[in-house]
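Naming convention: chains lettered A, B, ... in sequence-line order (proteins, then strands); numbering from 1 in each chain.
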2 protein chains.
Amino acid sequence: MIYRAMTDELHERLLAEGREPLRPAHGYTFRLLEARDDVTTVALADHLGITKQAASKIAAELESWDYIERRPHPTDGRARVLALTPKGLAYVRHADELWGLTEDRWAAVIGPDRLDQLHADMHAYVTAAGGRAALRPVW
Amino acid sequence: MIYRAMTDELHERLLAEGREPLRPAHGYTFRLLEARDDVTTVALADHLGITKQAASKIAAELESWDYIERRPHPTDGRARVLALTPKGLAYVRHADELWGLTEDRWAAVIGPDRLDQLHADMHAYVTAAGGRAALRPVW
DNA sequence: GGTAGATAGTCAATCAGGTTGACCATTATA
DNA sequence: TATAATGGTCAACCTGATTGACTATCTACC
């Protein structure tokens, strides 16, 4: 419920500003591209926990909206590197701000120290569960 | 990630025992039927955050597997009341045990007191966000 | 008491976001 | 240098949802 509630709140904020209807999968893609500059389609698929075909569709979609671009890979002739465009980066920065608002609301409810602890506890569990988990929907 | 990791862990436990491949949506349905004895298809749809047509399909599926039954509503001739069968109730009880194991693993990582606090904090947020949130996938 | 509108549920068609499988081009390995 | 593995694409299909139309029953109001 809480995962859903927080994500819904963020998307409501984005929607209220008249942004394109990007889904969480797009957001997780942005986060990955923000953190690494050597992301291929296969790497994205692995990150999202979906097949490379599905990841390719998502990448094509984001490219058509000019949020990311596909560059030739510097050393591997088969691969292409996915990277955020300036528009994509701006979107990420803005989403960060809005997510901050959502987290602030939580901090206001339970107190910032408890929120920090909560972060740490959840992080500890994911680490104990194998370090990473898929970001796919639970359904 | 954590939502996904915990759910995956529970389903792995269920799968390891050779149970039918019930999905989280079925689990959320069981929880609702366990808590209330006046659940109609429309009420289930509202609980899951899906249309009544989709909820009807889930109910039909669970009925065909003999986990729930549809009884005529005592006062409303249009409606039908969904209720757990003995088989369904046994499944819920067993899933409770397995979920307990998953939570125990978390308690072992961060300590039981912190887990209690975490429950309370998440509950506080959902309450502040409007009391309830849909259980549908975030995607 | 009768009628208008709301509500519970079903059926059928469609859609979205994934999967599987086959394939090509390129790279790594023996 | 032949063979296997890998990155990516195309096409067909599947599943779990949605929208829309419909029936039967209930509720509210005159």
Is the closest side-chain donor-acceptor distance between B/T102 and B/R13 under 3.5 Å? yes
B/D46 atom CG is separated from C/dA8 atom P, nearest whole Å, by 10 Å
Heavy-atom nearest pair, A/I50 first then A/A55, reads CD1-N, 3.7 Å
Listed pairs, N/O of protein and of nucleotides 7-11 of chain D, under 3.5 Å:
{"unit_1": "D/dG8", "atom_1": "OP1", "unit_2": "A/R80", "atom_2": "N", "d": "2.8"}
{"unit_1": "D/dG8", "atom_1": "OP1", "unit_2": "A/R80", "atom_2": "O", "d": "3.1"}
{"unit_1": "D/dG8", "atom_1": "OP2", "unit_2": "A/T41", "atom_2": "N", "d": "2.9"}
{"unit_1": "D/dG8", "atom_1": "OP2", "unit_2": "A/V42", "atom_2": "N", "d": "2.9"}
{"unit_1": "D/dG8", "atom_1": "N7", "unit_2": "A/K52", "atom_2": "NZ", "d": "2.5"}
{"unit_1": "D/dG8", "atom_1": "O6", "unit_2": "A/K52", "atom_2": "NZ", "d": "2.9"}
{"unit_1": "D/dT9", "atom_1": "OP1", "unit_2": "A/R80", "atom_2": "NH2", "d": "3.0"}
{"unit_1": "D/dT9", "atom_1": "OP2", "unit_2": "A/S56", "atom_2": "OG", "d": "2.6"}

Sorted by position of nearest nucleotide on DNA chain C, 5' first, the leading residue of A/K57 and A/G77 is A/K57
B/L48 atom CG is separated from D/dG16 atom P, nearest whole Å, by 14 Å
Result for side-chain contact (heavy atoms from CB on, under 4.5 Å) between B/L33 and one of B/L62, B/L82, B/L44, B/V81 points to B/L82
(request) May I ask you to decide if B/A43's main-chain N or O and B/K52's side chain share a donor-acceptor pair within less than 3.5 Å? (result) no
Inset, instruction - Using atom types as modelled and distance alone, determine if a side-chain donor or acceptor of A/T85 lies under 3.5 Å from a backbone N or O of A/Y67. - result: yes
Nearest heavy-atom approach of A/V109 to B/A124 is CG1-CB, 3.7 Å
From CZ of B/R23 across to C1' of D/dC14 the rounded distance in Å is 13 Å
From CG of B/D38 across to C1' of C/dA8 the rounded distance in Å is 14 Å
